[in-house]
Enquirer: 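Here it is, the structure in full.
Heavy atoms only: backbone and side chains are in, while hydrogens, waters and symmetry mates are out.
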Amino acid sequence: MALPSFLLLLFLLNIILFAHAGGLSQHNHNLEDISNHLNRLNKTPVKSIKSPDGDIIDCVHISHQPAFDHPSLRNHTIQMRPNSLPQGILRETKASSTSEKKTVTQLWHLNGKCPQGTIPVRRIKEDDILRASSVEMFGRKNHVGNGNGIPQPMSPEPDLITQNGHQHAIVYVQGDKYYGAKATINVWEPNIQQPNEFSLSQIWILGGSFGQDLNSIEAGWQVSPDLYGDNRPRLFTYWTSDAYQATGCYNLLCSGFIQINNQIAMGASIFPVSNYGGSQYEISLLVWKDPKEGNWWIQFGDESVLGYWPASLFSYLVESATMVEWGGEIVNSQSDGHHTTTQMGSGHFPGEGFGKSGYFKNIQLVDGSNNLRIPKDIHTFTEQPNCYNVQNGKDADWGTYFFYGGPGRNPNCP
């Protein structure tokens, strides 16, 4: 006997709700947990701005930001400016034959700005959390090891990296005490094959061992469909004090990072992006340790100080970093049994040079005297140079630089 129409609709509705809650999904989500998490992340705004890319940017009072949910920061007094900037910042005083200054902004700026006393926070939606493996893992890196319990990123030695699906094209320094790093990076929109893969270009500030207690501060641009729901390049930061196990997150998706800037939104899309054979658009990032307070600050561009990671979040980085890395990283999921076609940088190899390849230029380190200096004893590393590669150099216009990236799967990278 056929079901009455209203019972049939009720039956179908229950199936939909069951699937939506994770009963028929690959992820296990509880709608009440999602609602509670959204309420924790999305603070009451003073003003909201609809971005052309679909994002909503909430202007949240600076004292109400997610940072202060952290137990150790409940009574924290916001440091509204760093005590000092690193000295000796290299600035490009002229356009070289291969470089032209291009202005980069964030797409939401086209529709408004946040007032003084607030910070811009990208609003998180239910769909964002549903794409994560769980509510607890939303905004965090999966704790992926190589079989020996060693997470990403790690010492660039082939026997430590090749088994975990992450691939790199980086330059790095180690063996000294480091108090920050700087670089100018051109921004691209690389193709991502699978939603659970990503492509990023960043600076890593690393402290401690590469076991269970790694401290890491990371900043750059990334394309991550799982995290953001699209393929746009976005400004991001990340931190962890225990090798990505229980601490840290992207952007403002957990408590910890304290933002003071009312113009730049973590996780918001960067606009415009570089064109193959055409205009190149860059971002400049500086991360450094305040020698007086010990907090780790980040600056976007030449003037926009974004905020800081309080020293109390860390163990090893309370003192200094022991390694700095610059470069690209992708996830090679090999979902179809072949190397991914996810691109790194521009998706072209470094040998193609300016206008066609991704690059980092004017890479510098901050020393114990809070001075920027040119790094010495730079090493390069990539797991599969036929998939992604890196080539470094030095000249008067770009200082210490490197080209990096690649297409992933190709006839020499099956």
Enquirer: Heavy atoms, side chains only, cut-off 4.5 Å: are V171 and V390 in contact?
Expert: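 Of all side-chain heavy-atom pairs linking V390 with V171, at least one is under 4.5 Å.
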Enquirer: By side-chain hydrogen bond (donor to acceptor under 3.5 Å, both in side chains), which residues pair with K43, not counting sequence neighbours?
Expert: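 side-chain hydrogen bond (donor to acceptor under 3.5 Å, both in side chains) list for K43, sorted by chain: D69.
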Enquirer: Who are the ring-ring contact (aromatic ring centres under 6.0 Å, His included) partners of F300, not counting sequence neighbours?
Expert: none
Enquirer: Is a side-chain N or O of D128 found less than 3.5 angstrom from the main chain of I124, in a donor-acceptor match?
Expert: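 Looks like no, no N/O pair under 3.5 Å.
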Enquirer: Can you run down the disulfide bond (SG atoms under 2.5 Å apart) pairs that involve residues 285-337, sequence neighbours left out, and say none if there aren't any?
Expert: none
Enquirer: For the residue pair T247 and W239, establish whether any side-chain heavy-atom pair is separated by less than 4.5 Å.
Expert: yes
Enquirer: So which atom in L306 and which in M266 form the shortest heavy-atom distance, rounded to 0.1 Å?
Expert: CD1-CE, 3.9 Å
Enquirer: Is there side-chain contact between L365 and V173, with heavy atoms separated by less than 4.5 Å?
Expert: yes
Enquirer: W108 and P52: which non-hydrogen atoms are nearest, and at how many Å?
Expert: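 Closest heavy-atom pair between W108 and P52: CA-CD, 4.3 Å.
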Enquirer: By salt bridge (charged side-chain N to carboxylate O under 4.0 Å, His left out), which residues pair with D53, not counting sequence neighbours?
Expert: R234
Enquirer: Please determine which of W288, W296, W297, F257 meets the ring-ring contact (aromatic ring centres under 6.0 Å, His included) test together with W309.
Expert: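 Only one of W288, W296, W297, F257 forms a ring-ring contact (aromatic ring centres under 6.0 Å, His included) with W309, namely F257.
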Enquirer: State, with a plain yes or no, whether a side-chain heavy atom of N196 is found less than 4.5 Å away from one of V331.
Expert: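 The answer is no, as the side chains (C-beta and beyond) never meet within the 4.5 Å cut-off.
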Enquirer: What distance separates F198 CZ from E329 CD, expressed to the nearest 0.5 Å?
Expert: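 Going from the CZ atom of F198 to the CD atom of E329 covers 4.0 Å.
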Enquirer: Determine, step by step, whether D226 and R131 satisfy the salt bridge (Lys or Arg N to Asp or Glu O under 4.0 Å) criterion, reporting the C-alpha distance in whole Å, the side-chain angles of both residues, the deciding distance to 0.1 Å, and the verdict.
Expert: CA-CA 6 Å; D226 250 8; R131 288 191 300 271; 5.2 Å; no
Enquirer: Can you pull out every side-chain hydrogen bond (donor to acceptor under 3.5 Å, both in side chains) where at least one residue sits in residues 369-382? Sequence neighbours excluded, please.
Expert: S84-N370
Enquirer: Write out all pairs satisfying side-chain hydrogen bond (donor to acceptor under 3.5 Å, both in side chains) with one or both partners inside residues 72-83, taking only residues at least two apart or from two chains.
Expert: H70-S72, H76-Y308, Q79-D290, Q79-N295, N83-D290
Enquirer: Listing request: all salt bridge (charged side-chain N to carboxylate O under 4.0 Å, His left out) pairs with a residue in residues 404-414, at least two apart in sequence or in separate chains.
Expert: D336-R409
Enquirer: Would you please name every residue forming a side-chain hydrogen bond (donor to acceptor under 3.5 Å, both in side chains) with Q194, sequence neighbours left out?
Expert: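 Partners of Q194 under the side-chain hydrogen bond (donor to acceptor under 3.5 Å, both in side chains) test: S335.
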Enquirer: Mark yes when over 12 heavy atoms from residues, nucleotides or ligands other than K47 sit less than 6.0 Å from its NZ; otherwise mark no.
Expert: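 Above 12, so yes.
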Enquirer: Between Q87 and L85, is there a donor-acceptor pair closer than 3.5 Å when you use the side chain of the first and the backbone of the second?
Expert: yes
Enquirer: Has the side chain of D242 got a donor or acceptor atom that lies under 3.5 Å from a matching backbone atom of D213?
Expert: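 Between the backbone of D213 and the side chain of D242 there is no qualifying donor-acceptor contact (under 3.5 Å).
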Enquirer: Using a strict 4.0 Å threshold on nitrogen-to-oxygen distance, state whether R123 and D58 make a salt bridge.
Expert: yes
Enquirer: According to the interplanar angle, ranging from 0 to 90°, do the rings of F381 and H168 count as parallel (below 30°), tilted (30 to 60°) or perpendicular (above 60°)?
Expert: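 The rings of F381 and H168 sit tilted, inter-plane angle from 30° to 60°.
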Enquirer: Report the residues that fulfil side-chain hydrogen bond (donor to acceptor under 3.5 Å, both in side chains) with E352, sequence neighbours left out, ordered by chain and then residue number.
Expert: Y276, H348
Enquirer: Check the pair K141, E218 against salt bridge (Lys or Arg N to Asp or Glu O under 4.0 Å), reporting the backbone distance first and the verdict last.
Expert: CA-CA 12 Å; K141 292 187 179 182; E218 305 165 26; 2.6 Å; yes
Enquirer: If you apply the rule side chain to side chain donor-acceptor pair (under 3.5 Å), what do you find for Y316 with S241, and how did you get there?
Expert: CA-CA 8 Å; Y316 292 102; S241 62; over 6 Å; no
Enquirer: Under 4.5 Å between any side-chain heavy atoms of I217 and L317, yes or no?
Expert: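 Of all side-chain heavy-atom pairs linking L317 with I217, at least one is under 4.5 Å.
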Enquirer: With no hydrogens and no angle check, is any side-chain donor or acceptor of Q299 less than 3.5 Å from a backbone partner on D302?
Expert: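 Pair found, side chain donor or acceptor close to backbone of D302.
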Enquirer: So do the side chains of N30 and E32 get within less than 4.5 Å of each other, counting heavy atoms only?
Expert: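 They are in contact (side-chain heavy atoms under 4.5 Å apart), so the answer is yes.
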Enquirer: Would you say the side-chain atoms of Q364 pair up with the backbone N or O of N362, donor to acceptor, closer than 3.5 Å?
Expert: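 Side chain of Q364 to backbone of N362, a donor-acceptor pair under 3.5 Å: yes, one is there.
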Enquirer: Hey, can you tell me if H339 and Y388 have their rings parallel, tilted or perpendicular (30° and 60° cut-offs)?
Expert: tilted
Enquirer: Atom CZ of R232 and atom CD of Q106: how far apart are they, to the nearest 0.5 Å?
Expert: 12.5 Å
Enquirer: What distance separates S199 OG from E189 CD, expressed to the nearest 0.5 Å?
Expert: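 Answer for the OG-CD pair, S199 versus E189, is 11.0 Å.
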Enquirer: Closest approach of G220 and I283, non-hydrogen atoms and distance?
Expert: C-CD1, 4.4 Å
Enquirer: Could you tell me whether a side-chain N or O of N262 sits under 3.5 Å from a main-chain N or O of I119, the two making a donor and an acceptor?
Expert: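 Not at all, since once roles are kept as given, no pair shorter than 3.5 Å links the two residues.
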Enquirer: Could I get the full list of side-chain contact (heavy atoms from CB on, under 4.5 Å) partners for Y401, not counting sequence neighbours?
Expert: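 side-chain contact (heavy atoms from CB on, under 4.5 Å) check on Y401 returns K361, D395, W398, F403.
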Enquirer: With a 3.5 Å distance limit and no angle check, can you tell me whether S51 reaches the backbone of G54 through a side-chain donor-acceptor pair?
Expert: no
Enquirer: Are F402 and Y359, when compared by the centres of their aromatic rings, separated by less than 6.0 Å?
Expert: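 That pair fails the under 6.0 Å test.
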Enquirer: Are the side chains of S216 and Y238 in contact, using a 4.5 Å heavy-atom criterion?
Expert: no
Enquirer: For residues 214-236, which residue pairs pass the ring pair (Phe, Tyr, Trp, His ring centres under 6.0 Å) check, not counting sequence neighbours?
Expert: F236-Y250
Enquirer: Run the side-chain contact (heavy atoms from CB on, under 4.5 Å) test on I34 and L130 for me, step by step, so that the C-alpha distance in whole Å, both residues' side-chain angles and the decisive distance to 0.1 Å come before the verdict.
Expert: CA-CA 8 Å; I34 291 175; L130 286 171; 3.6 Å; yes
Enquirer: Do I129 and V135 have side chains that approach each other closer than 4.5 Å (heavy atoms only, starting at C-beta)?
Expert: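 Answer yes - side chains close enough.
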Enquirer: Apply side chain to side chain donor-acceptor pair (under 3.5 Å) to residues E197 and T340 and explain how you reach the verdict.
Expert: CA-CA 9 Å; E197 297 179 338; T340 183; 2.7 Å; yes
Enquirer: Report yes or no: does Q193 contribute a side-chain atom to a donor-acceptor pair with the main-chain N or O of N191 at less than 3.5 Å?
Expert: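 Answer holds: no.
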Enquirer: To the nearest 0.5 Å, what is the distance between CD1 on I260 and CD on Q65?
Expert: 10.0 Å
Enquirer: Please list all pairs passing the salt bridge (charged side-chain N to carboxylate O under 4.0 Å, His left out) test where one or both residues lie in residues 104-113, with sequence neighbours left out.
Expert: none
Enquirer: So, the side chain of T118 versus the backbone of P115: is there a donor-acceptor pair under 3.5 Å, distance only?
Expert: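 Pair found, side chain donor or acceptor close to backbone of P115.
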Enquirer: Hey, what do you get for OG (S274) to CG (N186), rounding to the nearest 0.5 Å?
Expert: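 Reported to 0.5 Å precision, the distance equals 4.5 Å.
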Enquirer: Atom OG of S255 and atom CG of L313: how far apart are they, to the nearest 0.5 Å?
Expert: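 Interatomic distance, S255 OG to L313 CG, rounded to 0.5 Å: 8.0 Å.
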